Amino acid sequence: MSTHTQSPETSHVSAVLDELCATVEDYPAEGIVFKDLTPVFADGAAFKLMVDSIVTAFAGKFDAVAGIEARGFLLAAAAAYATGTGVITIRKAGKLPREVFAESYALEYGQATLELHKEDVPAGTRVLILDDVLATGGTIGAAVSLLERSGAIVTGVGVVLEIDGLPGRSNLAPHEVLSLQTV
Ligand code: AMP
């Protein structure tokens, strides 16, 4: 995990990810090595291991789990259900029907916007943010800003994979970031 210590549990998570995660070169654009976690999500034992590993690391520290559209929703819904907490949906622009906070951020090519309903998160809620992959941190950084504008307290960030050599983790400082594997 993020500490890079190789406990038996950590090496088991890594072994499962090595076996199941698909790697697609030059997708969605040339030069990008896309880490496709859909086979991990499709495997019941592997999916449970990912979700349990993340929620165990943040046990007692959150009242709700925020997922970022779309793959983050899968992890967040499972984590919230497993811990009896609420799930918060952070969506791409134009999908939410009521008043929203919006945050735009840079992608490798161009810009994207994420939105959160203004009234979905009571002030003071302790929120764990989940997504599948941390690269530059722009996506999760936008989610942090949205939640903080709502008055929520971001108490942790969990991802399955962290791309090595990119400033995602430092861009999210001082928030605690757990990745199950660095690739
Ligand atoms: P970033 O905002 O740069 O941290 O990018 C993270 C978002 O883009 C996540 O929602 C990921 O799903 C997706 N993403 C970025 N890079 C990759 C990659 N190499 N493989 C898979 N997904 C990625």
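Note that the coordinates shown come from a computational prediction; the quantities given were computed from them, not determined experimentally. Every heavy atom of this structure was used, including side-chain atoms; hydrogens, water molecules and symmetry mates were not. First listed ligand is number 1; within each ligand, the first listed atom is number 1.
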Please state which protein non-hydrogen atom is closest to atom 11 (C) of ligand 1 and give its distance, to 0.1 Å?
Asp132 OD1, 3.4 Å
Arg169/Glu162 salt bridge by N-O under 4.0 Å criterion:
yes
Using only atom types and a distance under 3.5 Å, with no angle test, would you say the side chain of Asn171 pairs donor to acceptor with the backbone of Gly138?
no
Which of the atoms of ligand 1 are close to Ile163, meaning less than 4.0 Å from one of its heavy atoms?
19 (N)
Checking a contact table here: which protein heavy atom is nearest atom 10 (O) of ligand 1, and how many Å away?
Asp131 OD2, 2.9 Å
Check whether Thr56 reaches the backbone of Ser53 with its side chain - one donor and one acceptor, N or O, closer than 3.5 Å.
no
Would you call Gly168 a ligand 1 contact, heavy-atom distance under 4.0 Å?
no
Nearest non-hydrogen contact with atom 19 (N) of ligand 1 belongs to which option: Val33, Leu166, Leu161?
Val33
Polar-atom distance check: Ile32 versus ligand 1, any N or O pair below 3.5 Å?
no
Which of the numbered atoms in ligand 1 are below 4.0 angstrom from a heavy atom of Lys35?
18 (C), 20 (N), 21 (C)
When you look at NZ of Lys48, are more than 12 heavy atoms from neighbouring residues, nucleotides or ligands closer to it than 6.0 Å?
no
For a 4.5 angstrom cut-off between non-hydrogen side-chain atoms, does Lys35 reach Asp132?
no
Looking only at protein heavy atoms, which one is nearest to atom 15 (C) of ligand 1, and what is the separation?
Ala135 CB, 3.8 Å
For atom 4 (O) of ligand 1, closest protein heavy-atom neighbour
Gly137 N, 2.7 Å
Among protein heavy atoms, which lies nearest atom 17 (C) of ligand 1, and at what distance?
Val133 CG1, 4.0 Å
So if you build clusters from Ile, Leu, Val, Met, Phe, Trp, Tyr with side-chain heavy-atom gaps below 4.5 Å, do Val87 and Val157 land together?
no
Who's the nearest protein heavy-atom neighbour of atom 13 (C) of ligand 1, and how far?
Arg71 NH2, 4.0 Å
Where is the nearest protein heavy atom to atom 22 (N) of ligand 1: which residue, which atom, and how far?
Phe34 CE1, 3.4 Å
Counting only N and O atoms by type, is there a donor-acceptor contact under 3.5 Å from the side chain of Arg98 to the main-chain atoms of Glu119?
no
If you count the non-hydrogen atoms of other residues, nucleotides and ligands that lie under 6.0 Å from CZ in Phe34, is the total more than 12?
yes
Assess whether a salt bridge exists between Arg91 and Glu69, defined as any Lys/Arg side-chain N lying under 4.0 Å from an Asp/Glu carboxylate O.
yes
Can you tell me if Ile68 contacts ligand 1 (heavy atom of the residue under 4.0 Å from the ligand)?
no
Give the residue, atom name and distance (to 0.1 Å) of the protein heavy atom nearest atom 8 (O) of ligand 1.
Thr139 OG1, 4.4 Å
Indicate if Leu130 and Leu17 have the same hydrophobic cluster label, given that clusters are the connected sets of ILVMFWY residues with side-chain heavy-atom separations under 4.5 angstrom.
yes
Give the atoms of ligand 1, by number and element, whose distance to some non-hydrogen atom of Thr136 is under 4.0 Å.
1 (P), 2 (O), 3 (O), 4 (O)
